[in-house]
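As structure tokens, the structure follows; a few thoughts come after it.
Note that the coordinates shown come from a computational prediction; the quantities given were computed from them, not determined experimentally.
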Amino acid sequence: MVKTPILSKIWISDLLNLFFPNYCQSCGNALVGQEEVICFRCIFHLPKTGFHQHIENPISRLFWGRINIYSASSYLFFSKGGNVQQLIHSMKYKGHQETGVYLGELYGKELAESESFKSSEIIVPVPLHPVKQRIRGYNQAEKIANGLSNTMGIPYQVNNLNKVVNTESQTTKTRYGRWENVKDAFQVNEPEKIEGKHILLVDDVLTTGATIEACASKLLQVPDTRVSVVTLAYAQV
């Protein structure tokens with residue numbers, strides 16, 4: 001029996017997985033067949049918010065009276081000890097950049113069908129300060145933006161919105177303390193590259209929205225820009 005090229009590739013892939021298995025970044029079980037990064041069972045059980053289907057949702061309301069955001073959404077609900085926390089931890093602290101790209105691709109498929117987000121023209125990830133990016137080796141928000149770009153079919157842009165102040169960790173700060181910490185931390189280097197654009201601003205986890213607000217305020221200073229916001233997860237406070 002002569003194997004077709006496609007069957008040969010599948011056979012080789014299955015053989016490699018037998019001796020060098022990949023593991024689900026959510027549950028830790030070995031991936032099988034056509035599974036990538038996250039097993040099908042964990043994908044099915046992802047706690048999706050569905051916020052992108054509703055103009056008024058908890059994320060958009062978070063920014064009311066603070067800054068003029070066009071649309072806002074988060075993909076997943078974040079809970080302590082849950083699988084989403086495991087995925088975020090894997091992406092940010094264990095070097096699994098592919099987790100951010102893959103989840104971005106999943107969410108991008110849904111955003112591409114959303115009336116609120118499909119008019120986006122350019123994706124901009126929330127930047128890390130260069131010192132923190134050197135330590136981590138990559139910006140997790142950029143990986144999510146990469147995935148969104150792959151399935152939404154729009155470009156993503158890095159090194160224009162920059163973080164110019166190496167701020168303290170936001171983790172233990174109050175809502176006001178978070179805003180004070182980041183309000184002057186960002187700048188746009190080449191405003192002509194985003195002038196007149198509908199920008200999709202991307203981050204990993206949304207809590208109080210202080211970082212997003214600080215970034216969006218700089219982007220909205222550029223003439224004729226609109227800013228929409230998406231994050232991978234929403235941690236209610």
Linking Ile, Leu, Val, Met, Phe, Trp and Tyr by side-chain heavy atoms under 4.5 Å, what else ends up with Tyr93?
none
Residue pair Lys118, Glu113: steps toward the side chain to side chain contact (heavy atoms under 4.5 Å, CB included) verdict
CA-CA 6 Å; Lys118 66 182 182 181; Glu113 302 298 321; over 6 Å; no
In one Ile/Leu/Val/Met/Phe/Trp/Tyr side-chain cluster, 4.5 Å: Phe40, Ile38
yes
What residues form a side chain to side chain contact (heavy atoms under 4.5 Å, CB included) with Glu36, not counting sequence neighbours?
Tyr102
Taking every heavy atom of Val227 against every heavy atom of Ala216, the minimum-distance pair comes out as CG1-CB, 4.1 Å
Go through the side-chain N and O atoms of Ser26 and Asn83 and say whether any donor and acceptor fall under 3.5 Å apart.
yes
Give the minimum heavy-atom separation between Ser116 and Ile55, together with the two atoms involved.
OG-CG1, 3.7 Å
Does either side chain, that of Glu105 or that of Asn150, offer a donor lying less than 3.5 Å from an acceptor on the other one?
yes
Are Leu46 and Leu87 close enough that some pair of their side-chain heavy atoms sits under 4.5 Å apart?
yes
Apply side chain to side chain contact (heavy atoms under 4.5 Å, CB included) to the pair Leu62 and Leu206, showing each step before the final yes or no.
CA-CA 10 Å; Leu62 186 66; Leu206 181 81; 3.6 Å; yes
Which residues, ordered by chain and number, are linked to Val101 in its hydrophobic cluster, where ILVMFWY side chains connect at heavy-atom gaps below 4.5 Å, directly or through other members?
none
Do Leu219 and Ile144 share a hydrophobic cluster (ILVMFWY, side-chain heavy atoms under 4.5 Å, transitive)?
no
Kindly work out whether a path of hydrophobic side-chain contacts (I/L/V/M/F/W/Y, heavy atoms less than 4.5 Å apart) joins Tyr156 to Leu111.
yes
Ser90 and Thr99 have their tightest heavy-atom pair at OG-OG1, 3.6 Å
Between Gln140 and Asp204: side-chain donor-acceptor atoms closer than 3.5 Å
yes
Value for CG (Leu103) from NZ (Lys143), rounded to nearest 0.5 Å, stands at 14.0 Å
Check for me, please, whether Ile199 and Ile67 land in the same ILVMFWY cluster - side-chain distances under 4.5 Å, paths through other members count.
yes
Minimum heavy-atom separation for Gly104 to Thr151, with atom names?
O-OG1, 4.0 Å
Restricting to non-hydrogen atoms, name the atom on Val222 and the atom on Pro191 that form the minimum distance, rounded to 0.1 Å.
CG1-O, 3.4 Å
Atom pair CD (Gln187) and CD (Gln221), whose distance is rounded to the nearest 0.5 Å:
11.0 Å
Let's go through Ile88 and Met91 carefully: what are the C-alpha distance in whole Å and the side-chain angles of both, what is the deciding distance for side chain to side chain contact (heavy atoms under 4.5 Å, CB included) to 0.1 Å, and is it a yes or a no?
CA-CA 5 Å; Ile88 299 293; Met91 175 181 65; 3.9 Å; yes
From CD1 (Ile43) to CG (Leu106), nearest 0.5 Å
5.5 Å
Taking the side chain as everything from C-beta on, heavy atoms only, tell me whether Pro125 gets closer than 4.5 Å to Val158.
yes
Correct closest heavy-atom pair for Ala141 and Val126 would be CB-O, 3.5 Å
Gap separating the CD1 atom of Ile69 from the CZ atom of Arg226, nearest 0.5 angstrom
12.5 Å
Sub-4.5 Å side-chain heavy-atom contact between Asn68 and Phe63
no
Can you list every pair that meets ring-ring contact (aromatic ring centres under 6.0 Å, His included) and has a residue in residues 190-225, with sequence neighbours left out?
Tyr70-His198
Quick one: does Asn57's side chain have a donor or acceptor within less than 3.5 Å of a partner on Ile59's backbone?
yes
Measure from the side-chain N and O atoms of Ser114 to the backbone N and O of His52, and report whether any donor-acceptor pair falls under 3.5 Å.
yes
With a 4.5 Å cut-off on side-chain heavy atoms, are Arg61 and Trp64 touching?
yes
Going by distance alone, is a donor N or O of one side chain under 3.5 Å from an acceptor N or O of the other, for Ser74 and Thr49?
no
Spacing of Ile154 atom CD1 and Ser119 atom OG [to the nearest 0.5 Å]
9.0 Å
What residues, two or more places apart in sequence or in another chain, satisfy side chain to side chain contact (heavy atoms under 4.5 Å, CB included) together with Gln86?
Lys94
Between Ser71 and Val229, is there a side-chain heavy-atom distance shorter than 4.5 Å?
no
Within residues 109-147 or reaching into it, pairs that qualify as ring-ring contact (aromatic ring centres under 6.0 Å, His included) - sequence neighbours excluded
none
Gln25 side-chain N/O to Tyr23 backbone N/O, donor-acceptor pair under 3.5 Å:
yes
Ignoring hydrogens and angles, tell me if any N or O in the side chain of Thr231 forms a donor-acceptor pair with the backbone of Ala233 under 3.5 Å.
yes
Pair Lys48, Glu110 - check salt bridge (Lys or Arg N to Asp or Glu O under 4.0 Å), show working.
CA-CA 11 Å; Lys48 297 181 182 181; Glu110 299 189 18; 2.9 Å; yes
Gap between atom NE2 of His89 and atom NE2 of His96 - 0.5 Å precision
9.5 Å
same_hphob_cluster(Leu220, Ile194) at 4.5 Å side-chain heavy-atom cutoff:
yes
Considering residues, nucleotides and ligands other than Arg136, do more than 12 of their heavy atoms fall under 6.0 Å from its CZ?
yes
Heavy-atom donor-acceptor pair, Ser228 side chain to Leu200 backbone, under 3.5 Å
no
Please check: side-chain N/O of Asn160 versus main-chain N/O of Val188, any donor-acceptor pairing under 3.5 Å?
no
Using 30° and 60° as the class boundaries, would you call the ring planes of Tyr75 and Tyr107 parallel, tilted or perpendicular?
parallel
